[in-house]
Amino acid sequence: RHPRSRNHERTPASMLVQLALLAQAFTASPRLAASAVSSGRGVAPRVTMAEAVFDQEAFIAESKEMRLKYLEEQAMFALKIACENYDNAVFPNALIAGDVVITHLLDRLGYLKDGKCKVMVVDTFHLFPETMDFLREIEDHYGFKAEVFCAEGVPVGDKGAYDKKYGADLWKEDIEQYDKVCKVEPFQRGLKELNTNCMINGRTRWQGFERAWIDQFENAPIGGGLAKCNPLAYWTLEDTFDYIAKYQVPHHPLHAKGYPSIGDAKDTIPIPEDGSVKFVDFKFEGDKTAWLDYASERKGRFVGLANKDGSTKTECGIHVAGAERTFDRDLWDDSAKVMELTTEEEALKVKEKGELAAVVVYAPWCQFCQAMEEEYSKLSEEAGIPTYKFRGDEQREYVQANWNTESFPTINLVKPDGEVVKYESEDRSVKALADFVKSAA
């Protein structure tokens with residue numbers, strides 16, 4: 001029993017209210033609440049007392065730290081599962097904010113140095129110069145070596161070879177083919193060559209509606225099913241930069257120039273465009289909400305690009321369904337009707353043969369070449385002529401000069417006198433092709 005005092009006449013109800021307030025005070029800030037009690041101030045429901053017990057800024061800072069600590073532990077637990085339970089965990093690193101956090105977490109766990117997680121990077125030949133420089137910086141910092149992949153048949157780092165094979169303006173001519181050649185195919189090839197059975201990536205729900213329901217683990221539509229680990233699935237972009245600041249994590253230099261996310265230089269801009277928001281010396285300058293609002297991280301990506309259906313482009317194709325259907329084989333590779341020409345000399349012999357023949361100049365990565373594969377296979381039987389294929393993306397100058405080729409596919413009819421006549425129609429059905437052969441002959 002309490003001794004008699006000036007408060008003795010309080011009703012049991014008011015005492016219950018005080019006890020509830022005391023419990024609330026301890027929940028918000030145990031240290032301040034305990035201090036208030038020990039000083040004899042009590043917990044009477046007065047505004048002044050609430051102000052004394054509850055420091056809003058301190059509470060927010062403490063809550064954010066608690067949240068970040070939990071997110072760190074949760075992410076590391078996911079990474080442990082990915083790297084300890086799978087033989088070949090691979091982290092495709094795009095060097096953006098979330099990816100540098102994952103890199104740091106993997107280093108804390110020791111998986112970069114012991115090789116339990118390999119790092120791969122896709123060089124599109126259109127990245128900012130700072131991006132590949134930054135890769136070398138973090139390789140030195142953490143002591144690992146990334147596996148770099150680029151467009152098929154092009155040496156790593158050789159932009160001239162890329163331009164010669166695929167064309168410097170491929171992205172302007174066909175953005176979907178550009179994505180396939182420069183992003184999706186090398187990405188898939190990298191996973192395949194590294195024998196990946198678990199792919200780690202930095203996608204989050206906060207990045208937008210396309211990713212709003214991802215979980216920390218899912219199956220990727222690659223190779224019939226691949227474990228996909230999203231350790232930051234439940235992080236906001238603010239969490240990401242809080243982590244970078246907390247541990248002073250090396251991050252992309254373009255964050256200091258106004259870029260919240262970094263992709264290809266050709267279609268990535270600062271947000272806002274005046275560059276007024278920056279992340280410099282581990283602190284934000286300007287109104288950080290322009291970066292940190294929901295689905296704002298990628299606002300500066302894919303600027304000015306549209307999909308074939310006219311919709312705004314928001315994904316490069318790597319993480320969407322169907323991405324596994326890339327060109328990992330040649331076209332007409334099992335056709336007995338379409339004969340292959342591999343050299344200029346072989347192609348010249350067709351011209352000198354003195355017979356009517358069809359030659360398609362193609363690229364296996366081209367969706368239009370893929371679409372006509374079946375119809376062209378039927379042409380030999382339908383038109384009664386030999387049909388050939390010549391891969392033109394590897395010998396662009398030659399096919400431009402000798403086979404009327406500016407784009408793929410280009411179908412030519414070789415006349416008995418060696419004249420080469422180009423098929424101009426977009427209708428590549430076997431009937432249309434056979435009619436062309438008859439009229440040209």
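Keep in mind the model is a prediction, meaning the values are calculated, not measured. When a residue number appears, it is its place in the shown sequence, counting from 1. Heavy atoms only: backbone and side chains are in, while hydrogens, waters and symmetry mates are out.
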So, taking the atom named [atom1] in [X] and the one named [atom2] in [Y], what distance separates them when rounded to the nearest 0.5 Å?
X    : Y    : atom1 : atom2 : value
I102 : N201 : CD1   : CG    : 6.5 Å
R67  : I60  : CZ    : CD1   : 14.0 Å
E65  : K69  : CD    : NZ    : 8.0 Å
W213 : R205 : CH2   : CZ    : 6.5 Å
L331 : R391 : CG    : CZ    : 8.5 Å
L194 : M199 : CG    : CE    : 12.5 Å

Distance only, no hydrogens: is a donor on one side chain within 3.5 Å (strictly under) of an acceptor on the other, for [X] and [Y]?
X    : Y    : value
R301 : S261 : yes
Q177 : Y166 : no
S425 : D427 : no
Y162 : D123 : no
N230 : D215 : no

With H251 as reference, evaluate F134, F282, F241 under the ring-ring contact (aromatic ring centres under 6.0 Å, His included) test and give the passing residue.
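So, applying the ring-ring contact (aromatic ring centres under 6.0 Å, His included) to H251 and each of F134, F282, F241, only F282 qualifies.
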Counting C-beta onward and ignoring hydrogens, is there a side-chain heavy-atom pair between [X] and [Y] closer than 4.5 Å?
X    : Y    : value
E374 : V430 : no
M132 : V148 : yes
F302 : I175 : no
V184 : Y178 : no
N219 : K228 : no
Y388 : V360 : no
V303 : T268 : no
K299 : I269 : no

With distance as the sole test, does [X] use its side chain to make a donor-acceptor pair with the main-chain N or O of [Y] at under 3.5 Å?
X    : Y    : answer
D169 : K172 : no
T343 : E346 : yes
D281 : K283 : no
Y362 : F368 : no
T124 : H126 : yes
T240 : T236 : yes
E375 : R428 : no
S296 : D293 : yes
W206 : L292 : yes
Q216 : P231 : yes

Please lay out, stage by stage, how I81 and F217 fare under the test side chain to side chain contact (heavy atoms under 4.5 Å, CB included).
CA-CA 10 Å; I81 293 174; F217 278 90; 3.7 Å; yes
Non-hydrogen atoms of [X] and [Y] that approach each other most closely:
X    : Y    : value
Y423 : A432 : OH-CB, 3.4 Å
L226 : T196 : CD1-O, 3.2 Å
V277 : G286 : CG2-C, 4.4 Å
F128 : Y259 : CZ-CE2, 3.8 Å
P253 : E130 : CG-CB, 3.9 Å
L68  : D239 : CD1-O, 3.7 Å

So Y247 and Y243, would you call those rings parallel, tilted or perpendicular, with 30° and 60° as cut-offs?
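Aromatic pair Y247/Y243 classed tilted.
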Should the pair H104 and Y142 be assigned to parallel (<30°), tilted (30 to 60°) or perpendicular (>60°) ring geometry?
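The arrangement is perpendicular - the two ring planes meet at more than 60°.
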Under the side chain to side chain contact (heavy atoms under 4.5 Å, CB included) rule, collect the residues that match up with T405, sequence neighbours excluded.
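In terms of side chain to side chain contact (heavy atoms under 4.5 Å, CB included), with neighbours along the sequence ignored, T405 is linked to V361, V399, W403, F408, T410.
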Could you tell me whether [X] atom [atom1] has more than 12 heavy atoms of other residues or ligands within 6.0 Å of it?
X    : atom1 : answer
K257 : NZ    : no
K80  : NZ    : no
K266 : NZ    : yes
E273 : CD    : no

Please determine whether salt bridge (Lys or Arg N to Asp or Glu O under 4.0 Å) holds for the pair K118 and E147, giving the CA-CA distance in whole Å, both sets of side-chain angles, and the decisive distance to 0.1 Å.
CA-CA 8 Å; K118 299 183 181 72; E147 300 282 348; over 6 Å; no
Using a strict 4.0 Å threshold on nitrogen-to-oxygen distance, state whether [X] and [Y] make a salt bridge.
X    : Y    : answer
D174 : K180 : no
E185 : R189 : yes
K159 : D163 : yes

Run the side chain to side chain contact (heavy atoms under 4.5 Å, CB included) check on E72 and R108 step by step: do they pass?
CA-CA 11 Å; E72 288 177 40; R108 286 173 63 182; 3.1 Å; yes
Do W171 and D264 pass the side chain to side chain contact (heavy atoms under 4.5 Å, CB included) test, and can you show the C-alpha distance, the side-chain angles, and the key distance before you say yes or no?
CA-CA 11 Å; W171 71 273; D264 280 351; over 6 Å; no
Going through the checks in order, is the ring pair (Phe, Tyr, Trp, His ring centres under 6.0 Å) test met by F279 and W291?
CA-CA 10 Å; F279 188 71; W291 286 20; 7.3 Å; no
Please determine whether side chain to side chain contact (heavy atoms under 4.5 Å, CB included) holds for the pair K278 and F284, giving the CA-CA distance in whole Å, both sets of side-chain angles, and the decisive distance to 0.1 Å.
CA-CA 6 Å; K278 305 173 183 177; F284 276 103; over 6 Å; no
May I ask you to check whether Y70 and Y234 place their ring centers less than 6.0 Å from one another?
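Centroid separation for Y70 and Y234: 6.0 Å or greater.
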Assess the residue pair E139 and K145 against the criterion (salt bridge (Lys or Arg N to Asp or Glu O under 4.0 Å)); give the C-alpha distance rounded to whole Å, side-chain angles, the decisive distance to 0.1 Å, and a yes or no.
CA-CA 6 Å; E139 285 178 331; K145 188 66 177 174; 3.6 Å; yes
Please enumerate all residues that pass side chain to side chain donor-acceptor pair (under 3.5 Å) together with S63, with sequence neighbours excluded.
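Not a single residue meets the side chain to side chain donor-acceptor pair (under 3.5 Å) criterion with S63.
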